[in-house]
Amino acid sequence: MARGERKGFVARWLEGKERSEDYARSTLPTNRWGLFWDIMKGRFGRMVITNLLVFITLIPVILILVFRWIVVGSQGLVGPFGGGFGAGYPALPNISGAAEEMIFGTDLLFYGLLIPAMVIAGLGISGGMYIIRNMIWTEGIFVANDFLRGIKRNFWNVLEAVLIFSVLLFFAKTMGNLADWLVVRGVPNSGWLVASKVIGYIFVALAILICLWMISLGVNYKQGPWQLFRNAVVMTFGTFPQTVFFAALALWPIILALFTSGVVMIVALVLILFIALSYAMLVWMDYCQWAFDKFINPNMGVATGRGLYDKNKTGKDAQKDGNMESAAMREYKRQIVAMGKSKLVCRPIKPIDDDLEIYQLPESFSREDLQKLRESKQKVVDDVEAYEAEHKDDEQYVEYNKQFEEQEKALKTEEDAKKKKKVKRPEMLNKKRR
């Protein structure tokens, strides 16, 4: 084998490895981890722009959390807590429960305001998730247009998820603060109050996982509100260890920003401003695509591994993937069968390449001229029929008619089976893919 010309360092650097002789499709990502790193390296700029768009819709949530922190901190410097100093004079004999009461009232206000703020954040989440999904599917991205299109297509599903989370968080925080207040005041059966607080926070943690699944399912599949919630619960508990791991892997910058202080919190806030939000969406959606390929798409007849290159897909595996047609393709084939065979494809048609011509009538013609016209037309018809009879067994026509008859037979068998017994669709995701 002849060897290719060896190029210098500068030429190789200018052209890049995609222009080199060693480049092949095998350099494309072949698994979800590789796809994650490929997107982070190749589309980092678009990830940052997407993050900024999502961050704008999160500003109301951030302002509410900041104002709550300021109000709670300032309350510790005034009132009865500053006993003997300025506004705290004179000191009160018993202030047990006063701090818990103030926090209860403050959180009642700010966590109530958090509900409409989360609705605004749902706009950014729906647009951002749509962009990240298209990146994972290796589709062309126009960030501004796709962001608006994602809001239009996914907002109602995302709205359901953020409402469930924010309302549940409001009630859990309210009941937790109330339990703290009553325990300090010394009410009986305080153990039950502490248990209710713990249970409330457990439900909030589960709600985070369920709502994450609701968002990813809503972006990928068309579903109703109840069906979306039910499928999210199924996926959460069906893949619970993996879900917990990848949720933590996706949300760790946000967790650091909420529950740390000092330099760590500042670093986390900078990450949230520039990349952490789109990073979290990418990690979560990449994991969800793996779960969809494993548990859902094969049952729906949808090809798996979208966005990945399978270098080992040969033979039976390739044929299997070729047979996994989308619902739209199956419907198209039904329409083709219903319209009937194409007369231009199912039989031979003689090309116009001979000397046969139709007799042209003169301006003044007789009965003899009409007879010549009739005979010339008949010669053409006989010649076409002879050509069709000669070539009717050609492979292309036999193969077309055979495939058409098979499709027609399969369609008839499917319709007869539906008439005899209606097959119930799977309980999980019996809606179309987006």
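All values below were derived from every heavy atom in this structure, side-chain atoms included, with hydrogens, water molecules and symmetry-related copies excluded. Start at 1 with the first residue, then count along the sequence.
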Colleague: Check the pair Asn231, Gln223 against side chain to side chain donor-acceptor pair (under 3.5 Å), reporting the backbone distance first and the verdict last.
Modeller: CA-CA 9 Å; Asn231 293 333; Gln223 301 167 88; 2.5 Å; yes
Colleague: Do the side chains of Val119 and Phe155 get nearer than 4.5 Å, heavy atoms only?
Modeller: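 Yes, at least one pair of side-chain atoms sits under 4.5 Å.
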Colleague: Donor-acceptor check, side chain of Asn297 to backbone of Thr304, threshold 3.5 angstrom: yes or no?
Modeller: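 Judged by distance alone, no pair lies under 3.5 Å.
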Colleague: What's the verdict on side chain to side chain contact (heavy atoms under 4.5 Å, CB included) for Asn157 and Val219, showing C-alpha distance, side-chain angles and the deciding distance?
Modeller: CA-CA 8 Å; Asn157 290 331; Val219 171; over 6 Å; no
Colleague: For the residue pair Leu168 and Phe203, what are the closest heavy atoms and their distance?
Modeller: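 Residues Leu168 and Phe203, closest heavy atoms: CD2-O, 3.5 Å.
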Colleague: Using the side-chain hydrogen bond (donor to acceptor under 3.5 Å, both in side chains) criterion, which residues pair with Thr239? Sequence neighbours excluded.
Modeller: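 For Thr239, the residues satisfying side-chain hydrogen bond (donor to acceptor under 3.5 Å, both in side chains) (neighbours in sequence not counted) are Thr243, Tyr287.
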Colleague: Could you go through the side chain to side chain contact (heavy atoms under 4.5 Å, CB included) check for Met40 and Leu282 one step at a time?
Modeller: CA-CA 9 Å; Met40 287 294 292; Leu282 177 60; 3.8 Å; yes
Colleague: Spell out, as yes or no, whether a donor-acceptor pair under 3.5 Å connects the side chain of Arg46 to the backbone of Ile141.
Modeller: yes
Colleague: Which donor-acceptor pairs under 3.5 Å do side chains of residues 246-272 form with protein atoms, sequence neighbours excluded?
Modeller:
{"from": "Trp252", "atom 1": "NE1", "to": "Leu249", "atom 2": "O", "distance (Å)": "3.4"}
{"from": "Trp252", "atom 1": "NE1", "to": "Tyr279", "atom 2": "OH", "distance (Å)": "3.1"}
{"from": "Thr260", "atom 1": "OG1", "to": "Leu256", "atom 2": "O", "distance (Å)": "2.2"}

Colleague: Working note: Asp180 + Phe104, criterion side chain to side chain contact (heavy atoms under 4.5 Å, CB included); need CA distance, chi angles, decisive distance, verdict.
Modeller: CA-CA 9 Å; Asp180 291 337; Phe104 174 78; over 6 Å; no
Colleague: Evaluate side chain to side chain donor-acceptor pair (under 3.5 Å) for Arg149 paired with Tyr130, printing each intermediate quantity in order.
Modeller: CA-CA 8 Å; Arg149 188 178 294 112; Tyr130 183 73; 4.7 Å; no
Colleague: Taking the side chain as C-beta and beyond, is there a heavy-atom pair between Asn220 and Trp137 under 4.5 Å?
Modeller: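 Of all side-chain heavy-atom pairs linking Trp137 with Asn220, at least one is under 4.5 Å.
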Colleague: Answer yes or no: is there an ion pair linking Asp293 with Arg32, defined by an N-O contact shorter than 4.0 Å?
Modeller: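 Counted as a salt bridge, because a side-chain N and a carboxylate O are separated by less than 4.0 Å.
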Colleague: Run the salt bridge (Lys or Arg N to Asp or Glu O under 4.0 Å) test against Lys173 and tell me which residues pass, sequence neighbours left out.
Modeller: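 Testing Lys173 for salt bridge (Lys or Arg N to Asp or Glu O under 4.0 Å), a comparison that skips the adjacent residues, returns none.
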Colleague: Which atom pair, heavy atoms only, marks the closest approach of Met285 to Ser216?
Modeller: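 Answer, listing the atom of Met285 first, then Ser216: SD-CB, 3.7 Å.
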Colleague: Are Phe292 and Tyr221 close enough that their ring centers fall under 6.0 Å?
Modeller: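 Phe292 vs Tyr221: aromatic centres under 6.0 Å.
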Colleague: Centre-to-centre under 6.0 Å for Trp213 and Trp284, is that the case here?
Modeller: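 Between Trp213 and Trp284, the centre distance is under 6.0 Å.
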Colleague: Stepwise, does the side chain to side chain contact (heavy atoms under 4.5 Å, CB included) test hold for Met281 with Arg133?
Modeller: CA-CA 9 Å; Met281 293 179 181; Arg133 189 206 68 174; over 6 Å; no
Colleague: Can you name the one residue among Leu114, Ile115, Asp107, Leu113 that meets side-chain contact (heavy atoms from CB on, under 4.5 Å) with Phe170?
Modeller: Ile115
